[in-house]
Amino acid sequence: MIIPRISRMAAYLVVCLFAMMTSAQNQPKTFTFTQTSDGFMISLSGVKVLEHSSQSPMLYIGLGETNITTFHGNFYFNEYLIERRGLAAYEVMSLTDISVQIGFKEVESPALLAVVTISRPTTRSFLTIEATATARTTDRMWLRIAAEKDEHVYGGGEQFSHFDLRGRSFPIWTREQGVGRNKSTLLTFLVDQYMKDAGGNYHTTYFPQSTFFSSRKFWCHVNGSNYVVMDFSHETFHEIEIRDTSSAKVLINTSPSMLELVQSFTDFNGRPPPLPDWIHNGAILGVQGGTQKMLDYYKQATASGLKVSGLWIQDWVGRLTTSFGDRLFWNWKWNQTLYPNLDQEIIALRRDHDVHVLGYINPNMNIEGDMYKEAAGKGYVVKNAQNGPLQVNFGDFFCGIVDLTNPEAFEWYKSVIKTNMIGIGLDGWMADFGEYLPTDGVVLHNGMSGREVHNLWPVLWAKLNREAVEEAGKMGQVVYFMRAGAAGTAKYSTLMWAGDQNVDFSYADGLASTIPAALSMGVSGMGLTHFDVGGYTAIPLPPLNLVRTKELLLRSAEAAVFTPVFRTHEGNQPKLCAQFYSDQDTLNKFARLTKMFSVLQQYTKQLVNEVVTSGTPAQRPLFLHYPDDARAYEIQYQYMYGRDFIVAPVFLENQSQWNLYLPAGKWIFFWNGTTVTGPADVTVDAPIGQTPVFFRSDSTWTNLFKTVAAIKEGDECSRVSTGDGDLQTCRP
Ligand SMILES: *[C@@H]1O[C@H](CO)[C@@H](O)[C@H](O)[C@H]1NC(C)=O
Ligand SMILES: *[C@@H]1O[C@H](CO)[C@@H](O)[C@H](O)[C@H]1NC(C)=O
Ligand SMILES: *[C@@H]1O[C@H](CO)[C@@H](O)[C@H](O)[C@H]1NC(C)=O
Ligand SMILES: *[C@@H]1O[C@H](CO)[C@@H](O)[C@H](O)[C@H]1NC(C)=O
Ligand SMILES: *[C@@H]1O[C@H](CO)[C@@H](O)[C@H](O)[C@H]1NC(C)=O
Ligand SMILES: *[C@@H]1O[C@H](CO)[C@@H](O)[C@H](O)[C@H]1NC(C)=O
């Protein structure tokens, strides 16, 4: 029923204005509904968030046909839009202290086509927009959020190519990030040609999230797991398309500052638990090849002075020789042939050296393994349209996917982690994948369709890991790191990593891309991430001949010193790629960098604590601390590491100098103590081993920073107890 339209007054007239106290922040937030000559406008705390006029309706509804095909975690959308209707006419159906309900119609027709309720309950700090289409032929809607010309927009989960999302459209769909990710490079072109379009694009990511943060100090989040497209390419509105539904829920919040804005989203979305203490002691070294090899690598590393916190053996399950090469055997059990006596060695390493052993798991099971057979027998794997177990091609072998929507299967997979992994003493693992759930022809236990659950899969996978660790009583001691994610991941995962970079210096898929990835993920609510030191994907085939160079490995390692976790990966072509153990010079350089990482740990722990308690990301965009500096909003390849550091990693080849920007204040160059007063563009010497870093002159950590900067190859570092806790000192 539509109550009569509130009469349109001649000019702009405030119809309703009310203020209320919020529970989250002790600031009155005002929700304003204003009728204009040709529509209305809705603001929250003075920030215009919705605007409707007959020329630019805030809501469109429509119908389309989307065919989705998938290949190895890449998804291709074939679209045909049947209809898109702009709902230009409206009626205010009800208006109360805390909500307004509006009916929408087309101008020519009296039929009510959608109802939108915008409310601001006193118990919440955010505004809720609930849109429901009453037209039967609707499977998508487009909601316009008000925008301004000079506004910047960030977030979208983990974005590798663009930190500021303005000017582009971002599909929110978890998938492989692609190899190359830049359609104008030869590498991407060739990968597309020879690997069925696996090259990816600027927006392809494992961890998309339907959330954005505006420099106008509001965040906007589409709740749920639907396929969403966030289009920021218009000057006066952001258009959010929500698929496969006739109703949508969008949340909006404002904050007085950018920093509080980012924090306030984590109140809603959740925050990760603290990292285990041991992870700060040094590098986690990715090694493989069996118990003896693992111990040999460890001996070699420590003999050269590397600080080691963990040994990550992704092949603890054993290997499988396939046509494609050596792959891990996805049957999540300790392979005692390859790793004899592993359980005893794990105990000894932890007891004698505080070194922790990590493994690997993902939510898929190789159909050749006994785990798959057990799962399929119990009905625990995702089914195909014929109600048999779905077998998905993972390159050179087929897998069943554990049905995470089946409570029994969920418990069973948790018990696999508890028994087979934590049970043999593993203190962590890569919790890989989560992006591959096919959309069509899948039957899930809870009756939802593949399309509905696809984006939720990584969250369920994270939740499973979290519960397994909690139930084993190991939270705070065990770490698992994930690449796939979505809204909610932050509350279930302990740590993210940036997925599979190419072993190159490219912007879109190399070391550089890990910087906007950390920044966008940080503002999206997950402030703990890291990357594979040296990257992962090598393509040793002509004409690319892409293999990891020693220079890339060292540049990547020096950058990792200023991130929360330092972990190496041998990559997909270990023998062809430079490794920390490749030569003595690399070992010596790693020794220095891992010591620096270890000595910096008091500072790092404080940053982790900020993530855990307030949601402030460890790696931060400059505008969180310099909101009045226009330049701070445009920087995507440098970051603040906590309040005190400006870090500008060298991510190009053959550089001896590097340019960076310093905001207002006095800054000390980390490597020689020179003071520079910002705002300033500076060029610094950047030899290998010296990440361009400045710290604030009034930092309380100055002594620690000087100790770290002074560490030379060959120095010995040892712990000394001081009034402030354990510190480390280093001397030749
Ligand atoms: C989707 O697939 C159907 C059946 O194969 C086909 O008829 C239709 O044209 C396809 N639509 C698009 C948009 O690709
Ligand atoms: C968001 O969606 C989740 C999952 O569908 C639901 O549990 C939650 O209540 C929703 N939050 C709000 C504020 O509507
Ligand atoms: C254990 O690993 C070895 C070497 O990778 C492999 O040959 C063997 O088949 C594996 N055994 C089992 C039971 O998976
Ligand atoms: C893509 O590659 C082109 C050509 O190398 C380069 O100019 C451009 O900056 C790259 N874009 C991104 C987003 O990496
Ligand atoms: C870097 O230097 C090496 C050796 O001088 C040279 O072969 C290579 O082409 C250079 N790379 C770039 C990107 O300039
Ligand atoms: C310190 O490093 C900066 C940047 O490379 C350089 O400009 C400056 O001259 C150096 N100062 C000293 C005292 O070496």
Side-chain angles (χ1 to χ4, degrees), residues 22-24 62-70 75-83 98-99 116-132 139-140 172 185-187 209-211 219-228 242-245 247-253 264-270 385 404-405 439-441 446 448-449 451-460 462-463 486-492 502-507 510-512 525 543-552 554-555 578 650-658 686-688:
T22 71
S23 52
L63 184 68
E65 188 180 87
T66 307
N67 290 349
I68 307 176
T69 49
T70 177
F75 289 82
Y76 312 100
F77 290 73
N78 269 312
E79 313 259 20
Y80 176 65
L81 186 63
I82 296 164
E83 131 185 311
I98 53 164
S99 75
V116 179
T117 307
I118 299 146
S119 55
R120 184 63 175 70
T122 43
T123 52
R124 283 187 188 141
S125 64
F126 49 80
L127 189 77
T128 312
I129 304 167
E130 280 185 271
T132 303
D139 74 346
R140 60 196 65 198
I172 301 301
T185 63
L186 175 66
L187 187 144
Q209 187 176 308
S210 51
T211 314
W219 55 252
C220 174
H221 174 67
V222 182
N223 207 33
S225 56
N226 297 64
Y227 178 54
V228 165
I242 306 162
R243 287 286 179 86
D244 301 312
T245 186
S247 71
K249 194 163 190 179
V250 175
L251 314 174
I252 291 183
N253 205 357
S264 83
F265 184 70
T266 68
D267 289 341
F268 163 75
N269 191 50
L404 299 172
T405 71
T439 49
D440 299 304
N446 74 350
M448 284 170 82
S449 72
R451 289 189 189 203
E452 287 172 290
V453 181
H454 176 83
N455 275 344
L456 192 62
W457 210 249
V459 183
L460 297 174
K463 186 168 186 278
T489 285
K491 100 178 131 208
Y492 295 126
N502 279 349
V503 292
D504 66 15
F505 285 101
S506 69
Y507 278 84
L511 175 57
L544 296 170
N545 301 317
L546 179 62
V547 293
R548 186 200 280 162
T549 61
K550 179 172 170 180
E551 181 183 3
L552 177 69
L554 292 173
R555 283 302 192 192
V650 175
F651 52 77
L652 298 174
E653 214 174 355
N654 293 350
Q655 305 295 306
S656 56
Q657 296 198 312
W658 198 248
I688 286 183

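Counting starts at 1 for both ligands and their atoms, following the listed order. Bear in mind that the values here come from a model prediction, so they are computed numbers and not experimental data. All residue numbers refer to positions in the sequence shown, counting from 1.
The closest side-chain heavy-atom distance from Thr211 to Asn269 is not below 4.5 Å. Here the side chains of Ser119 and Ile98 are not in contact, with every heavy-atom distance at 4.5 Å or above.
His454 and Phe75 have perpendicular rings, their planes meeting at more than 60° on a 0 to 90° scale where under 30° would count as parallel. The aromatic rings of Trp219 and His221 sit perpendicular to each other, their planes meeting at more than 60°, with 30° as the lower class boundary.
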Return a table of N or O atom pairs, ligand 2 on one side and protein on the other, at distances under 3.5 Å, rounded to 0.1 Å.
residue	atom	partner	partner atom	Å
ligand 2	2 (O)	Asn223	OD1	3.4
ligand 2	2 (O)	Asn223	ND2	2.3
ligand 2	11 (N)	Asn223	ND2	2.9
ligand 2	14 (O)	Lys249	NZ	2.7

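Without hydrogens or angle criteria, Asn455 side chain to Ile172 main chain gives a donor-acceptor distance under 3.5 Å. The backbone N or O of Asn446 sits less than 3.5 Å from a side-chain atom of Thr405, completing a donor-acceptor pair. Put simply, the side chain of Ser210 gets close to the backbone of Val222: a donor and an acceptor are under 3.5 Å apart.
At least one N or O atom of Asn67, backbone or side chain, sits closer than 3.5 Å to an N or O atom of ligand 1.
Remark: ligand 1 atoms within the under-4.0 Å shell around heavy atoms of Tyr80 are 13 (C). Residue Asn78 approaches ligand 1 through these ligand atoms, each under 4.0 Å from one of its heavy atoms: 13 (C), 14 (O).
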